[in-house]
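Note sheet for the following structure.
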Amino acid sequence: MNTFVARLRIFVTAFALLLLAVAGSPVNAQQPQRVDPQADAVKEEQLLQQLQVIKGRGTIPDVKSYTLEQPAGRDWRHFHEVTLRWIGGIAILGILALLVVFYLWRGMVRIESGRSGRTIVRFNAFERFVHWMTATCFIILALSGLNITFGRPLLLPLIGLEAFSAWSEWAKYAHNYLSFPFTLGVILIFLMWIGGNIPNRIDVAWFTRGGGIVGHDHPPAYRFNGGQKMIYWIVVLGGSAAAISGYVLIFPFYGTDVHSMQNATMVHSIVAMLFIAAMLGHIYIGTIGMQGAFEAMGSGTVDVNWAKEHHSLWLQQEQARATGSNQSQARPSATPAE
Amino acid sequence: MARMKFLCDADRCIECNACVTACKNENEVPWGINRRRVVTINDGKPGEKSVSMACMHCTDAPCQAVCPVNCFYTTADGVVLHSKDLCIGCGYCFYACPFGAPQYPKVGNFGSRGKMDKCTYCAGGPEADGSAEEYAKYGANRLAEGKLPLCAEMCSTKSLLAGDGEIIAQIYKERVVKRGYGSGAWGWKTAYRETIAS
Ligand code: HEM
Ligand code: SF4
Ligand code: SF4
């Protein structure tokens, strides 16, 4: 009996040892002579070269923080500090210089046949309201936006850190909130004037004949001539691009990462600079560039001779409509000025 | 003059997040904001590395360059600080920062951001050193008391090092020589335009 127990004990012990050895062997096999965790360790250089950004896993809710490194910020910095300022400077100062030269050369485009004293309605009250709402918003958006780009080098040294910060905070609020009426204005402009702004063959002729502003020619045009159609599409497309990229910026990281935010600022600011340059040209023609143009958006009426010279086909349409309806009721679309 | 830097020896970091907690506590960092965080790369795979990251206090700091209201300043110790009184919360510093350091408390409607908050190297802000106003806005000013940032001071594995750049680089170099490997000083090339040869 005793011998059996002893044998059993030996057997069990041997079995247990065998188990241990079997279980232990993979552990031993995994241990090389020298530990080198570097063997398949991630390397910063390599990760940056592969992806330009290093991401991992974090333990806090803010998923943006899982991006460990994004050296692309350096390129964005260069864009914002150097490239954008060149683009903006050249676009805005360039167009201003061109306008000055053009004005000195051409002067104000006069109504060649003089004022007739009779006027015709060009834009009704609603159209003028939409135009001026959008224009006011645009000017404030442009100034508050340019403040972000150029304020620090140009304005800050003049008024000091505190005043500049206070002004910039207001400018930021203005920029954020006026974006809504501006966007509404762009949508209304799009709907209101799309009818007269589809490019056609008359515009080609209009452009080839210098549009009546370069030479002294008066190519025919309907309600909107080729140049005005261009402004229309710049406002509609540029306004949409500015609005879409702007709303990406206003709602940061709603479905975007830092990379798309950087791209949104780049799109937004480049569009803005070109947009401002184009609008300077628009403002020029609407004011000192052309006699009789401002009234169209001011009082809403233009002189008949102005209409004859710049929108001959539109005037014919309006007059035909007026005489057509004059038989039944007097429609005062062409009224004496007294 | 010392040039203060951070160095995270990723081969030592055990992702315990004590630095994150220490920072939040020492500086009374507002809810929802983490000035320091630990990011694990290749999580669960061979060669996994954890790196503790906060503001690196860059040389020629990108945040400072892009801030439209010029609210950053670099101290004589090379620490990049900012003024919350001047900040307008535009978010540009976050776009430029290679390390995702700037944070914004969410205030008000849509994405409107409050005053930017980031790691101060436990060196407060423009207010008088150690004043109550400074503490309320920026947290502790340990540097003025001759102490280093708490995250690095209490790192249990001494993975996270803070101090004069040359000294911590030397410590790291010796470690690499002794143990025979090192995955490098993460972020140094981007932040300081230099690497520690290992
Ligand atoms: C229509 C909707 C628009 C929205 C939602 C919008 C939004 C924004 C936002 C959020 C920023 C970032 C800066 C900040 O937070 O202050 C910004 C910058 C800027 N915006 Fe707008 N914006 C809009 C329209 C415009 C327009 C029409 C212009 C130009 C006339 C413009 C010109 C600029 C400029 C120049 C910057 C500075 C870019 C830079 O320096 O990086 N924005 N905009
Ligand atoms: S890590 Fe970011 S916030 Fe800190 S100094 Fe560098 S760019 Fe600025
Ligand atoms: S968020 Fe504040 S600190 Fe950052 S760039 Fe804008 S104003 Fe400067």
Side-chain angles (χ1 to χ4, degrees), chain A residues 34-45 47-48 54-62 64-74 76-78 80-81 147-149 151-152 156 161-162 164-173 176 247 249-254 258-259 261-262 265, chain B residues 10-11 15 17 20 32-34 37-51 53 62-63 65-71 83 85-100 103-104 110-113 179-191 195:
Chain A
R34 213 175 69 83
V35 183
D36 185 10
Q38 191 72 333
D40 30 31
V42 287
K43 285 177 196 73
E44 188 191 18
E45 259 316 288
L47 286 174
L48 282 177
I54 302 181
K55 284 187 184 168
R57 176 191 57 77
T59 44
I60 53 175
D62 178 11
K64 297 196 293 299
S65 76
Y66 304 173
T67 300
L68 185 69
E69 253 179 87
Q70 58 106 13
R74 229 174 1 200
W76 184 81
R77 162 192 178 167
H78 189 263
H80 191 262
E81 298 307 293
N147 181 57
I148 295 285
T149 318
R152 178 171 163 181
L156 190 150
L161 282 167
E162 279 77 22
F164 182 74
S165 163
W167 139 254
S168 297
E169 185 148 32
W170 281 108
K172 183 187 116 160
Y173 285 131
N176 285 359
Y247 289 124
L249 294 177
I250 277 199
F251 299 95
F253 303 105
Y254 285 71
V258 65
H259 211 68
M261 291 301 293
Q262 289 165 345
T265 62
Chain B
D11 302 291
E15 205 206 345
N17 279 293
V20 177
I33 288 181
N34 279 64
R37 82 271 187 198
V38 179
V39 176
T40 304
I41 295 152
N42 275 5
D43 186 29
K45 300 195 193 100
E48 159 187 321
K49 287 274 176 284
S50 290
V51 182
M53 185 58 79
C63 53
V66 300
C67 175
V69 296
N70 200 11
C71 78
S83 158
D85 295 336
L86 297 177
C87 171
I88 59 167
C90 69
Y92 276 29
C93 45
F94 187 87
Y95 305 150
C97 173
F99 305 103
Q103 309 279 303
Y104 311 89
F110 15 101
S112 71
R113 288 167 272 222
R179 70 190 173 202
Y181 59 87
S183 67
W186 288 72
W188 271 47
K189 200 164 168 213
T190 306
T195 44

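The sequence lines fix the lettering, A, B, ..., with proteins before strands; numbering per chain opens at 1. Everything numeric here is computed off the predicted structure, so don't read it as measured data.
Atoms CD1 and CZ, on I88(B) and F164(A) in that order, are 7.5 Å from each other to the nearest 0.5 Å. Taken to the nearest 0.5 Å, the CD1 atom of I148(A) stands 5.5 Å off from the OH atom of Y92(B). Atom CE of residue M261(A) and atom CZ of residue F94(B) lie 9.5 Å apart, to the nearest 0.5 angstrom. Here CG of L161(A) is found 5.5 Å from CG of L86(B). Values are rounded to the nearest 0.5 Å.
The aromatic ring centres of F253(A) and Y104(B) sit 6.0 Å or more apart.
Counting all heavy atoms, side chain and backbone alike, P71(A) lies closest to P98(B) at CA-CB, 4.2 Å. The two residues K189(B) and R74(A) make their nearest non-hydrogen contact at O-NH1, 4.4 Å. Residue S165(A) comes nearest to D85(B) through the heavy atom pair OG-O, 3.8 Å, listed as atom of the first residue, atom of the second, then distance.
When the candidates R152(A), R77(A), Q262(A) are compared by the number of heavy-atom contacts under 4.5 Å with chain B, R152(A) comes out ahead. The greatest number of non-hydrogen atom pairs below 4.5 Å with chain B, out of L156(A), N147(A), I60(A), is found for I60(A). Taking N70(B), T190(B), V51(B) one by one and counting their heavy-atom pairs under 4.5 Å with chain A, the maximum is reached by N70(B). Chosen from T149(A), T59(A), V258(A), L68(A), the residue pairing most often with chain B at heavy-atom distances under 4.5 Å is L68(A). For the set G100(B), P62(B), S50(B), G89(B), the count of heavy-atom pairs under 4.5 angstrom toward chain A peaks at P62(B). Taking chain A as the reference chain and counting heavy-atom pairs below 4.5 Å, the highest number among S83(B), C67(B), C87(B), G32(B) is found for C67(B). Interface check for chain B: of the options E81(A), H259(A), H78(A), E169(A), the most heavy-atom pairs under 4.5 Å are formed by E81(A).
Interface residue E69(A): backbone and side-chain heavy atoms are both found under 4.5 Å from chain B. Of the atoms belonging to C71(B), not a single heavy atom falls under 4.5 Å from chain A. Residue T265(A) touches chain B through its side chain alone, counting heavy-atom pairs closer than 4.5 Å. Proximity to chain A (any heavy atom under 4.5 Å) is restricted, for N17(B), to the side chain, taken from C-beta onward. When heavy atoms are compared at a cutoff of 4.5 Å, V38(B) approaches chain A solely by way of its backbone atoms N, CA, C and O.
The side-chain heavy atoms of D62(A) and N34(B), taken from C-beta on, include no pair separated by under 4.5 Å. Side-chain atoms of S65(A) and M53(B), non-hydrogen and from C-beta on, never get closer than 4.5 Å to each other. Looking at heavy atoms from C-beta onward, Y95(B) lies out of side-chain contact with H80(A) at the 4.5 angstrom threshold.
R37(B) pairs by the salt bridge (charged side-chain N to carboxylate O under 4.0 Å, His left out) definition with nothing, not counting sequence neighbours. With sequence neighbours excluded, no residue forms a salt bridge (charged side-chain N to carboxylate O under 4.0 Å, His left out) with K172(A).
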